Amino acid sequence: MNEGAAASERHASCDDDRPFRPEVVAAVRERLHALEDVADPSFSGPPIAGLPLRPLEHGELAPDFLASADYYSPRLRFVRELEKLGADAGIDPVLVGDAAVRAFAALPVGAVVLGATWLSRIEGEPSDAVREQIQRILGRSDMVRLCTPAAVAMSRAAGPAWLQTLIESALHDDSPFRRAEVAVLPRLSDAALVMFEAAGDWYSPAFGDLRVDPAIALAGEPAYLEFAHEVFTLADARLEELHSGRLPYQADKTFTIEEGQVLARAARVAAKHDAPWFRALIGRVLSRVSIAPTPARTLPSQSVAIALGYAIQTDPTPEGVQALRDTLAAIRHAGVEKKLARNLKPAERGLASRPEVALRLLVDAKADKKRQAFVATCLEATWVTGGDWPLAQWRTQLAETPNGQPFALGQLWLAAGKVLRAAPARAAGLRLVDIDGRAVDLPPDARIGLWHPLHSAPAERAAWQRLVALEGLRSPVRQAFREVYEPDPDELGEHETHEFAGHQLRLVPLVGLARREAWAIESVRRSGMSRRFGDIRAWFVVDAELYPGITGNAGSHGLSFEAWQDGRWRALVLREVPPVVYSEACRAVDLLVSVSAFALEDTPDMHPLTAGELGVHLVSERSATPAPARLSPAAQRWHRLRSLGTRPLGAMAEMRRRVLELALASQIDAGRVVIEARHVRVGDATVHLATGRVVENGVALELPAPAPKAALAAVPWLPYDEVLLQRIADNVAALLARR
């Protein structure tokens, strides 16, 4: 074993978290040497036990990986496979001692970006020998180079004189934005500089295949946040001069492309961090950079306006979303208006995944129904993101605000493991009470979140449903009567559930509703659609390659789940899916199916009938076992009707039955109404719980529309606005009125 491997092994002896296995390193080195003389680029040899490599092992082999090789050689292909195994497992190499020197010695002159990447993987400070190799890679210290994040990281490691020369060469830039950013680069960590370098174009809404959003790394750097505030202040001042007439206006000339990139980075990082100063400045900067100071249908900078729109979409805040809405209402440039409009819906959906900032929507805002509904959507997302709030924040930003108090009063809350509801206090504000109305005192450091029915046992859920019905509580969020879904015990060890398989779906309403409900249409890896529920992605598979505008029908298949772990998606068996996430995903799929389904596919018992089963004897038949006959259309229809008639009610229809049981309790006790498994019966007439269809003595019955104030024409405490539930209630009311 060489000196570097021995040093690594000594290091591993005192650090059990990063063990070093000499036999695995030796096996990989042997394979690398063996592949040097192999001509077939697809050959890599038999598997090597012990992969993926561990951090110190990868660091020890780094010089071998960095050695030059032909692009299409099997040696380089083998190295790429090893690196991918480590990346998929979330393992990064660590350079120790002599391995660091040999790794940088393997890099050619000018490999600044690759050098900065490996620089961030050195454990501790670079040694003098490593610094000499870095200076060799950089070239002469008096060379004027492009001041990139990677060059800053390498020059800083090379020595103070190298860094000073590099920075001074860039401080002559005409733009104060660029000068300010260059000045802050030496204050950033190596890891942040590497991520900064890898990000490339910040005008795009995402960063492609990068494992980590670079804005996350920069948002953790206090120095960069200070710079972001400074550059936004500079932009605000320049726009103030422009709109006040002190600066001549030229369309699309207020900021350069490079300055737009700087502002895009600053906006993305500030929004990611939810910096307090960003809340005030984003509205001023976005509106004034998107609207000309003259009546012209131009604007000061298209690139900056579009970049800010992407920043708001990627990391939305209430203030950013509001700024986008206000700008869209006033902008005069049709092209940029169209681009910013594309950012608004994703930003609103994204805000729902940031519950820690969503409560600000109700502070000092108009108490309109649209805003209340949007807050409800944001709070619903906390069920899958795991969001809750400190009790003090819940009071100051929701319960004790004029617009938030009605919302707090209408919901059920979970705190300290107890289901609670808010009630007006005798003096002022709100108090939290249990199901019996007794006040509950919570510790000051308690956290409170929105209650989900699956947080409680069925008996407790039923008790809260009775209370909601008795007191006629109206909830912005469908909560007490929310449908819940649980996996079939036989499917717990499987990777997908077939609860929604076997339907024929109309594709026009399916795709339209899916896009409105934030499902992403997929056609590359599998046919169907996906949707994020926190860190878990749900896949619903259909028999069609979906795209906007598609027509026709397709069958539905399974629903499966993947979790984002260690930088990759991993398939989950159903028992690994959190119960609330599983329920919410199934509820979302049930909505798609209930809107677009028009038939069921044949079930397994729909086998072809034989002549014998049909009671027909064929004279020409010589075999003792008759050949299967094709199903006639009438037989097919009979089988399908039997399947439809015996199929269990879905969760949504079951919840309608529960609602009606409570709504019609007095009529049920009086014997005027009977709630059956699939119908509500009033005398000889029945109302189907899944369709609302009325049948009396076997004949379909058309009932007149209810009068505006007829009994049950509008159940005041209906837990959600559902047309079918209202129609069933209307039909029951009409049938009762006839008796």
Side-chain angles (χ1 to χ4, degrees), residues 8 11 18 55-56 58-60 62-63 65-66 83 86-87 90-139 141 145-167 169-170 180-200 202 207 210-228 265-266 268-269 272-273 567:
S8 298
H11 184 90
R18 296 183 291 175
L56 286 175
H58 196 161
E60 171 63 24
F65 292 171
L66 292 169
E83 291 175 337
I91 299 173
D92 289 321
V94 174
L95 294 174
V96 177
D98 179 62
V101 179
R102 290 183 290 109
F104 279 84
L107 293 174
V109 175
V112 176
V113 175
L114 187 57
T117 301
W118 284 97
L119 186 65
S120 65
R121 295 167 177 170
I122 296 177
E123 187 170 78
E125 292 293 324
S127 65
D128 291 341
V130 171
R131 293 183 193 279
E132 291 178 4
Q133 293 298 331
I134 291 174
Q135 292 170 4
R136 176 189 62 81
I137 295 168
L138 287 172
S141 62
R145 296 179 300 274
L146 185 63
C147 191
T148 64
V152 169
M154 291 285 280
S155 298
R156 182 170 59 191
W162 292 75
L163 179 61
Q164 182 178 358
T165 301
L166 177 68
I167 296 299
S169 70
E181 189 171 51
V182 166
V184 80
L185 291 179
R187 300 167 60 192
L188 305 182
S189 65
D190 287 342
L193 289 171
V194 169
M195 289 301 302
F196 193 163
E197 182 77 32
W202 288 70
F207 293 99
L210 291 181
R211 288 168 54 196
V212 180
D213 183 348
I216 296 176
L218 292 177
E221 300 279 337
Y224 198 88
L225 285 168
E226 292 175 12
F227 152 75
R265 287 189 281 270
R268 192 76 65 88
V269 173
K272 180 79 70 179
H273 187 74

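Sequential numbering from 1 along the given sequence is applied to the chain's residues. All figures in this text were calculated on a predicted structure; none of them were measured in a lab.
Val152 and Cys147 make their closest contact through CG2-SG, 3.7 Å (heavy atoms, listed as atom of the first residue, atom of the second, distance). Nearest approach of Ala99 to Pro63, heavy atoms of both residues: O-CG, 3.8 Å. For the pair Ala153 and Leu193, the tightest heavy-atom approach, listed with the atom from each and the gap, is CB-CD1, 3.7 Å. Between Gly59 and Pro93, the shortest heavy-atom distance links the atoms N-CB, 3.9 Å.
Put simply, the side chain of Ser120 gets close to the backbone of Thr117: a donor and an acceptor are under 3.5 Å apart.
Scanning for salt bridge (Lys or Arg N to Asp or Glu O under 4.0 Å) contacts around Arg156 gives Asp190, with sequence neighbours left out. Partners of Ala100 by side chain to side chain contact (heavy atoms under 4.5 Å, CB included), not counting sequence neighbours, listed by chain and number: Leu95, Ile122, Val130. Shown here are the salt bridge (Lys or Arg N to Asp or Glu O under 4.0 Å) partners of Glu132, two or more places apart in sequence or in another chain: there are none. Considering only residues two or more places apart in sequence or on other chains, Arg131 meets the side chain to side chain donor-acceptor pair (under 3.5 Å) condition with none of them. Every side chain to side chain contact (heavy atoms under 4.5 Å, CB included) that Ala129 has, sequence neighbours left out, goes to Val101, Ser127.
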May I have the list of side-chain donor-acceptor pairs in residues 221-228 shorter than 3.5 Å, sequence neighbours left out?
from	atom 1	to	atom 2	distance (Å)
Glu221	OE2	Ser189	OG	2.7
Tyr224	OH	Glu181	OE2	3.1
Glu226	OE1	Arg187	NH2	3.2

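Taken from CG in Leu163 to CG in Leu185, the straight-line distance is 9.5 Å, to the nearest 0.5 Å. In this structure, CD in Gln133 is found 9.0 Å from CG in Leu107, a value given to the nearest 0.5 Å. Put simply, NZ on Lys272 and CG on Leu218 are 11.0 Å apart, with the number rounded to the nearest 0.5 Å.
At least one side-chain heavy atom of Ile134 sits less than 4.5 Å from a side-chain heavy atom of Leu119. Looking at heavy atoms from C-beta onward, Pro55 lies out of side-chain contact with Asp92 at the 4.5 angstrom threshold. Contact of the Phe104 side chain with the Arg136 side chain is not registered, since no non-hydrogen atoms from C-beta on lie closer than 4.5 Å. Val194 places none of its side-chain heavy atoms less than 4.5 Å from the side chain of Pro149.
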Query raised in the report: Does the pair Leu114 and Leu66 meet the rule for a side-chain contact (heavy atoms from CB on, under 4.5 Å), with working shown?
Result: CA-CA 10 Å; Leu114 187 57; Leu66 292 169; 3.9 Å; yes

Query raised in the report: Is there a side-chain contact (heavy atoms from CB on, under 4.5 Å) between Met154 and Trp162 once you walk through the steps?
Result: CA-CA 9 Å; Met154 291 285 280; Trp162 292 75; over 6 Å; no

